[in-house]
Amino acid sequence: MNILFLGAPGCGKGTQSKILIERYGIPQISTGDLLREEMGSKSDLGAKIKDIMAKGEFVDDELVLSLVSKKIESEECKKGFILDGFPRNLTQAKSLDVLLSRISKSIDYVMLIDVPDEVLIERCTGRLLCDTCDYIGNKDRGENVGDPCPVAEGTLYQRDDDKEDTVRNRLKVFKEQTSPIIDFYQDKGILQRLVGGNDPKLLSNKIIEILDK
Ligand code: AMP
């Protein structure tokens, strides 16, 4: 089962991916996470990535594609995978097709999660991450940067690119560069349009219904 999540920053791609990992036992490939890992390694490349991400722009297609292909071709993706945050433009979508056909695979479902802009901005700017586990906190629940994580021994922090100006730019870049791939997958007949609300469980039930059909 090869699944692809499509949607603007903060639409819930990561949260839904994590629910599907548990249910279907297939790994998530998040290019954002892979890039943040590279950033954490303090290499020259990491510093370049940090700079691009801080502006809310896209990292070089070739670099992202090489990270994704390494994962997709690995043993852990034999039974399937969940792509989160890739492809983000038409060049990447077409390169993904080439990569997959070379290894006799294809995308089975493209899940497009639609959420209004103002909700996305509120979600991203309020979002807090744990530096140790997958916990996602929220300033609206009274949590703050530096608080201890309620589930692991970590500390909550805010992603640099979740600051409001950067979030607005990420949304602009999404509309300009990522939106065209919606038609690309619509034409292939594998696109599912979903409306994301405030309840991740409701959305995941809908997704699971589609996948289990
Ligand atoms: P995300 O965690 O998916 O929101 O991604 C965070 C940032 O990583 C994005 O704003 C981009 O700067 C970069 N990034 C993630 N995925 C890609 C991609 N497929 N192509 C280019 N840049 C990406």
Side-chain angles (χ1 to χ4, degrees), residues 2-18 20-21 27-41 43 45-72 81-100 107 110-115 117 119-131 133-138 157-182 184-185 196 200:
N2 303 328
I3 305 164
L4 195 162
F5 275 108
L6 204 56
C11 73
K13 302 186 292 288
T15 304
Q16 294 302 322
S17 299
K18 301 240 154 49
L20 299 192
I21 297 173
Q28 170 197 26
I29 305 174
S30 155
T31 41
D33 285 351
L34 292 172
L35 291 166
R36 278 183 286 276
E37 245 170 60
E38 186 63 49
M39 222 164 80
S41 73
S43 60
L45 179 62
K48 207 172 122 194
I49 294 171
K50 189 173 179 355
D51 217 40
I52 297 170
M53 270 204 200
K55 293 187 201 133
E57 306 289 337
F58 283 173
V59 171
D60 185 60
D61 289 337
E62 262 175 52
L63 167 64
V64 181
L65 185 70
S66 78
L67 293 173
V68 169
S69 63
K70 221 188 286 170
K71 279 272 174 187
I72 285 187
F81 52 80
I82 305 160
L83 275 172
D84 161 11
F86 179 92
R88 263 178 150 100
N89 59 31
L90 264 181
T91 308
Q92 293 182 7
K94 289 177 182 166
S95 305
L96 176 64
D97 269 3
V98 173
L99 162 69
L100 291 176
I107 299 292
V110 176
M111 304 288 183
L112 170 67
I113 309 176
D114 201 20
V115 176
D117 280 6
V119 177
L120 293 171
I121 292 167
E122 211 179 292
R123 270 195 204 165
C124 286
T125 54
R127 170 164 76 179
L128 297 170
L129 304 183
C130 170
D131 61 9
C133 72
D134 285 339
Y135 178 76
I136 300 177
N138 199 300
Y157 71 97
Q158 182 177 39
R159 269 170 53 172
D160 278 345
D161 58 350
D162 276 345
K163 310 252 157 71
E164 184 166 342
D165 282 353
T166 311
V167 172
R168 286 192 185 275
N169 194 41
R170 286 163 69 201
L171 278 177
K172 183 169 159 270
V173 173
F174 174 82
K175 286 193 182 126
E176 288 168 0
Q177 302 200 40
T178 311
S179 292
I181 51 180
I182 297 173
F184 179 79
Y185 288 117

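We count ligands from 1, going down the list as the structure has it; atoms in each ligand are counted the same way. Worth saying up front: this structure is predicted, and the values here are computed from it rather than measured.
For the pair V64 and ligand 1, the shortest N or O to N or O distance does not fall below 3.5 Å.
For ligand 1, the atoms sitting less than 4.0 Å from at least one non-hydrogen atom of R170 are 4 (O), 10 (O), numbered in the order shown with element in parentheses.
Under the rule for a side-chain hydrogen bond (donor to acceptor under 3.5 Å, both in side chains), Q177 has no partner lying at least two apart in sequence or in another chain. Take K18 and apply the salt bridge (charged side-chain N to carboxylate O under 4.0 Å, His left out) test, not counting sequence neighbours, and it matches no residue.
Among protein heavy atoms, atom 14 (N) of ligand 1 sits closest to L35 CD1, 3.4 Å. Regarding atom 12 (O) of ligand 1, its nearest protein heavy-atom neighbour is E57 O, 2.5 Å. Atom 8 (O) of ligand 1 has M53 CE, 3.3 Å as its closest protein atom, hydrogens excluded (heavy atom only). Among protein heavy atoms, the minimum distance from atom 18 (C) of ligand 1 is reached at R88 CD, 3.5 Å. Looking at atom 20 (N) of ligand 1, its nearest protein heavy atom turns out to be Q92 NE2, 2.9 Å. Scanning the protein for heavy atoms near atom 22 (N) of ligand 1, the closest one is V59 N, 3.0 Å.
Of all the heavy atoms of R36, the ones lying under 4.0 Å from any atom of ligand 1 belong exclusively to the side chain. Under 4.0 angstrom from ligand 1, the non-hydrogen atoms of R159 all belong to its side chain. The proximity of D161 to ligand 1, defined as any non-hydrogen pair under 4.0 Å, is limited to the side chain.
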Evaluation steps, salt bridge (Lys or Arg N to Asp or Glu O under 4.0 Å), between D33 and R36: CA-CA 5 Å; D33 285 351; R36 278 183 286 276; 3.0 Å; yes
Trace of the salt bridge (Lys or Arg N to Asp or Glu O under 4.0 Å) decision for D117 with K172: CA-CA 10 Å; D117 280 6; K172 183 169 159 270; over 6 Å; no
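By the 6.0 Å contact criterion, CD on E62 is open, its count of non-hydrogen atoms from other residues, nucleotides or ligands being 12 or less.
Relative to atom 19 (N) of ligand 1, the option among G32, A54, G85, C124 with the closest non-hydrogen atom is G85.
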